[in-house]
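Below you'll find the structure, written out as structure tokens, and then a few comments.
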Amino acid sequence: MTMDSSLLLGLVFAASLAGFCALSLAMDRHSEDVFGRGSTPGAWRRWLQLGGAALLCLSLGASLQAAGGSIGWVLWLGALTAAALSTVALLSYAPRRFHWIAFAATAVALSSLLLAS
């Protein structure tokens, strides 16, 4: 495995985690859990949804680039599963730190994207 492949694999998980975090923050219930009662995404809802979808598409592209057409899909589904479970665990056990972890995952994904290309 080359350095480029390692960065792409990190990008797959980080982008999946950041995407699920953004999609969950677009929901009223999870936004209240993270930011407190009465906090809703408001005007940010559409941007969070678009950003989450874009990050999930980025993770798919990185997965296909890292592992090829047939194994890339399986890798992506595994990364989605791990990221979804991580998102649920973060919302359950560390809701006040959730937005910081989501920001860190986004930063890791974007820096991996820049270094891998």
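Atom CZ of F103 is separated from atom SG of C21 by 13.0 Å, given to the nearest 0.5 angstrom. Between the CG atom of L23 and the NE2 atom of H30 there is a distance of 10.5 Å, given to the nearest 0.5 Å. How far CH2 of W73 is from CG of L60: 4.5 Å, rounded to the nearest 0.5 Å. Here CG of L113 is found 10.0 Å from CG of L55. Values are rounded to the nearest 0.5 Å. Going from atom CD1 of I101 over to atom CG of L90 covers 4.5 Å, rounded to the nearest 0.5 Å.
Counting heavy atoms of neighbouring residues, nucleotides and ligands inside a 6.0 Å radius, atom CD of E32 exceeds 12 of them.
Shortest non-hydrogen contact noted between A79 and F13 is O-CD1, 4.2 Å. Summarising the geometry of S16 relative to V12, their closest heavy-atom pair is OG-O, 2.8 Å, with the distance given to 0.1 Å. The two atoms that bring V34 and L91 nearest to each other are CG2-CD2, 3.9 Å, heavy atoms only. When all heavy atoms of L17 and S86 are compared, the closest pair comes out as CD1-CB, 4.0 Å. In terms of heavy atoms, A109 sits closest to L11 at O-CD1, 3.1 Å. Contact detail for R96 and H99: the closest heavy-atom pair is O-CE1, 3.3 Å.
Considering only heavy atoms from C-beta on, W44 stays 4.5 Å or farther from L25 through its side chain. Side-chain contact between L80 and F20 is present, with at least one heavy-atom pair separated by less than 4.5 Å. Inter-residue side-chain proximity for L75 and L9 is flagged as met; some heavy-atom pair is nearer than 4.5 Å.
At distances below 3.5 Å, at least one donor-acceptor pair connects side-chain atoms of S59 with backbone N or O atoms of L56. Under a 3.5 Å cut-off, the side chain of R45 and the backbone N or O of M27 do not form any donor-acceptor pair.
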